[in-house]
Amino acid sequence: KKRMAQPAQSQPVTVASYNIAGNHQTYDLFSIVQVLARISADVICLQEVAGTTEEDTQAHHIARELQLHCVFGRAHQSRVFGNAILSKFPITDVQPLQLPRGSLTRMNGDRMPGANERRLALSATVSLPWTSFICICTHFGIYNQTDKASGAATAPVRVIKKWIKHQSRKHVPALLAGDLNATPDSPQVAALDDNWNVHPTAPTSKHGKKIDYIMDRGRGVWKMADQQALTFEETGWASDHVPVVATWVLVNPNTGEQPCCGLQ
């Protein structure tokens, strides 16, 4: 049985984004569940989720442990590997968006990590008792300097922009969360800043860089009240990333009562 929160209309929503490195040999379900249980987020976006089938993934195991709803989007072309959205509230209108892959090589000609992996943005509607919003969980490829200079690195941003600005969705509050493999000064984040509120946090990867984000488009209904990245000490190095945790506050409930439009 899934947990169903029964909050007052003005209660904030806690959101977490976490690259769980599910394909690493060091992956440990118990450690990841412990980290996420302590956060106790209402909505969780996971990246690098592995599984045996699309209905039996690490995200589904985590969701069962935490009594959450779960949807999974397969990104990889040959393995069950992708993104997932977990929620205390019902999830509907699930739509996977195929994204361009990252650069094939580094600037020195070496193979880029994850070069041939298909990439994905997983969009869904989260239906709270008093309103709804769109949640997009994504994981971008890694781009070299040549592709950043040519504009190729912002191709995933353009796919998401086209989707979220569709007539049926352009007025709906939304969250965009995930591992962008891009620092705050990158072309990718600069392009996203045109449509999303980008919020600073401490570094999120083992390399000491911020590459994980929770961005929002409040539409005058929601406002980001707080956002932070946990530390590796707090997570016990359960992954080579740390979670980003945000508090999203409903500031205009009267306009927020409109339901999200379905897919068109």
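What you are looking at is a predicted structure, and each value in this text was computed from that prediction instead of being measured.
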Item to complete: Please confirm whether the backbone N or O of T26 pairs with a side-chain atom of H24, one donor and one acceptor, at under 3.5 Å?
Response: no
Worksheet item: Any side-chain heavy atom of V251 within less than 4.5 Å of one from W222?
Response: no
Item to complete: Look up atom CZ in R119 and atom CD in Q47, then write down how far apart they are to the nearest 0.5 Å.
Response: 10.5 Å
Worksheet item: Any link between L176 and I211 through a network of hydrophobic side chains (Ile, Leu, Val, Met, Phe, Trp, Tyr) touching at under 4.5 Å?
Response: no
Item to complete: Give a yes or no on whether V198 and Y143 share a hydrophobic cluster (residues Ile, Leu, Val, Met, Phe, Trp, Tyr; joining criterion: side-chain heavy atoms under 4.5 Å apart).
Response: no
Discussion item. Rounded to the nearest 0.5 Å, what separates atom CE in M107 from atom NZ in K148?
Written reply: 10.0 Å
Item to complete: Determine whether Q95 and L97 make a side-chain contact, defined as any pair of heavy atoms from C-beta on separated by less than 4.5 Å.
Response: yes
Response to the item:
From the list L120, L99, V157, side chain to side chain contact (heavy atoms under 4.5 Å, CB included) with T138 holds only for L99
Response to the item:
Nearest heavy-atom approach of I62 to Y27 is CD1-OH, 3.9 Å
Response to the item:
Of all heavy-atom pairs linking F140 and L180, the shortest is CB-O, 3.3 Å
Practice prompt. In sequence, state the C-alpha distance, the side-chain angles, and the governing distance for T52 and V80, and then conclude on side-chain contact (heavy atoms from CB on, under 4.5 Å).
Written response: CA-CA 6 Å; T52 53; V80 179; over 6 Å; no
Discussion item. What I want to check is whether the side chains of S168 and H166 have a donor and an acceptor closer together than 3.5 Å.
Written reply: yes
Worksheet entry | Minimum heavy-atom distance S127-T92, with the two atoms named | OG-OG1, 4.0 Å
Practice prompt. Indicate whether any N or O donor in one side chain lies under 3.5 Å from an N or O acceptor in the other, for H241 and D212.
Written response: yes
Worksheet item: Are F81 and I44 connected in a single hydrophobic cluster, I mean Ile/Leu/Val/Met/Phe/Trp/Tyr linked by side-chain heavy atoms less than 4.5 Å apart?
Response: no
Worksheet entry | Test item: S40 side-chain N/O and A37 main-chain N/O as donor-acceptor pair under 3.5 Å | no
Worksheet item: Hey, what do you get for CD1 (I160) to CG (L192), rounding to the nearest 0.5 Å?
Response: 6.5 Å
Worksheet entry | Donor-acceptor side-chain pairing of E48 and N19 below 3.5 angstrom | yes
Practice prompt. Give the C-alpha distance, both sets of side-chain angles, the deciding distance and a yes or no for side-chain contact (heavy atoms from CB on, under 4.5 Å) between T105 and D110.
Written response: CA-CA 5 Å; T105 63; D110 291 346; over 6 Å; no
Worksheet entry | Flag, side chain of D226 to backbone of A246, donor-acceptor distance under 3.5 Å | no
Worksheet item: Would E234 and T231 count as having a side-chain donor-acceptor pair, cut-off 3.5 Å?
Response: yes
Response to the item:
d(L86 CG, C137 SG) to nearest 0.5 Å is 9.5 Å
Worksheet item: Side chains of L122 and F72: does their closest heavy-atom pair fall under 4.5 Å?
Response: no
Discussion item. Is any side-chain heavy atom of L104 closer than 4.5 Å to one of R111?
Written reply: no
Practice prompt. Run the numbers on T14 and V245 for side-chain contact (heavy atoms from CB on, under 4.5 Å), then give the verdict.
Written response: CA-CA 7 Å; T14 303; V245 183; 3.8 Å; yes
Practice prompt. First locate atom CG of D93, then atom OG of S132, and finally report the distance between them rounded to the nearest 0.5 Å.
Written response: 9.0 Å
Worksheet entry | Close side-chain approach of V43 to C135, heavy-atom, < 4.5 Å | yes
Item to complete: Using atom types as modelled and distance alone, determine if a side-chain donor or acceptor of Q58 lies under 3.5 Å from a backbone N or O of V49.
Response: no
Item to complete: Please check if the side chain of T57 supplies one atom and the backbone of E54 the other of a donor-acceptor pair under 3.5 Å.
Response: no
Item to complete: Please check if the side chain of Q188 supplies one atom and the backbone of A182 the other of a donor-acceptor pair under 3.5 Å.
Response: no
Discussion item. Checking side chain to side chain contact (heavy atoms under 4.5 Å, CB included) between M224 and each of V249, T247, N197, L175, which is the one that passes?
Written reply: L175
Discussion item. Any side-chain to backbone donor/acceptor pair from S103 onto N144? Under 3.5 Å, distance only.
Written reply: yes
Practice prompt. For the residue pair D240 and H207, confirm or rule out a side-chain donor-acceptor distance under 3.5 Å.
Written response: no
Discussion item. Rounded to the nearest 0.5 Å, what separates atom CZ in R101 from atom CE in M112?
Written reply: 15.0 Å
Discussion item. Whether the side chain of R74 engages the backbone of T53 through a donor-acceptor N/O pair (distance < 3.5 Å, no angle test) should be reported.
Written reply: no
Practice prompt. Indicate yes or no: at least one non-hydrogen side-chain atom of N83 is less than 4.5 angstrom from one of C45.
Written response: no
Worksheet item: Under a 4.5 Å cut-off applied to non-hydrogen side-chain atoms, are W248 and K223 in contact?
Response: no
Response to the item:
Minimal heavy-atom distance between I142 and P113, with the atoms involved, is CD1-O, 3.9 Å
Worksheet item: Going by atom types only, do T201 and K210 share a side-chain donor-acceptor pair under 3.5 Å?
Response: yes
Response to the item:
For G141 and N181, the nearest pair of non-hydrogen atoms, with its separation, is O-CB, 3.7 Å
Item to complete: Could you give me the CA-CA distance, side-chain angles and deciding distance for I39 and Y18, then say whether side-chain contact (heavy atoms from CB on, under 4.5 Å) is met?
Response: CA-CA 11 Å; I39 295 171; Y18 197 13; 6.0 Å; no
Item to complete: Identify the heavy atoms of V189 and P184 that sit nearest to each other, and give their distance.
Response: CG1-O, 3.7 Å
Practice prompt. For residues Y213 and W196, establish whether the separation of their ring centroids is below 6.0 Å.
Written response: no
Discussion item. If you define the side chain from C-beta out and look only at heavy atoms, does anything of P156 sit under 4.5 Å from V159?
Written reply: no
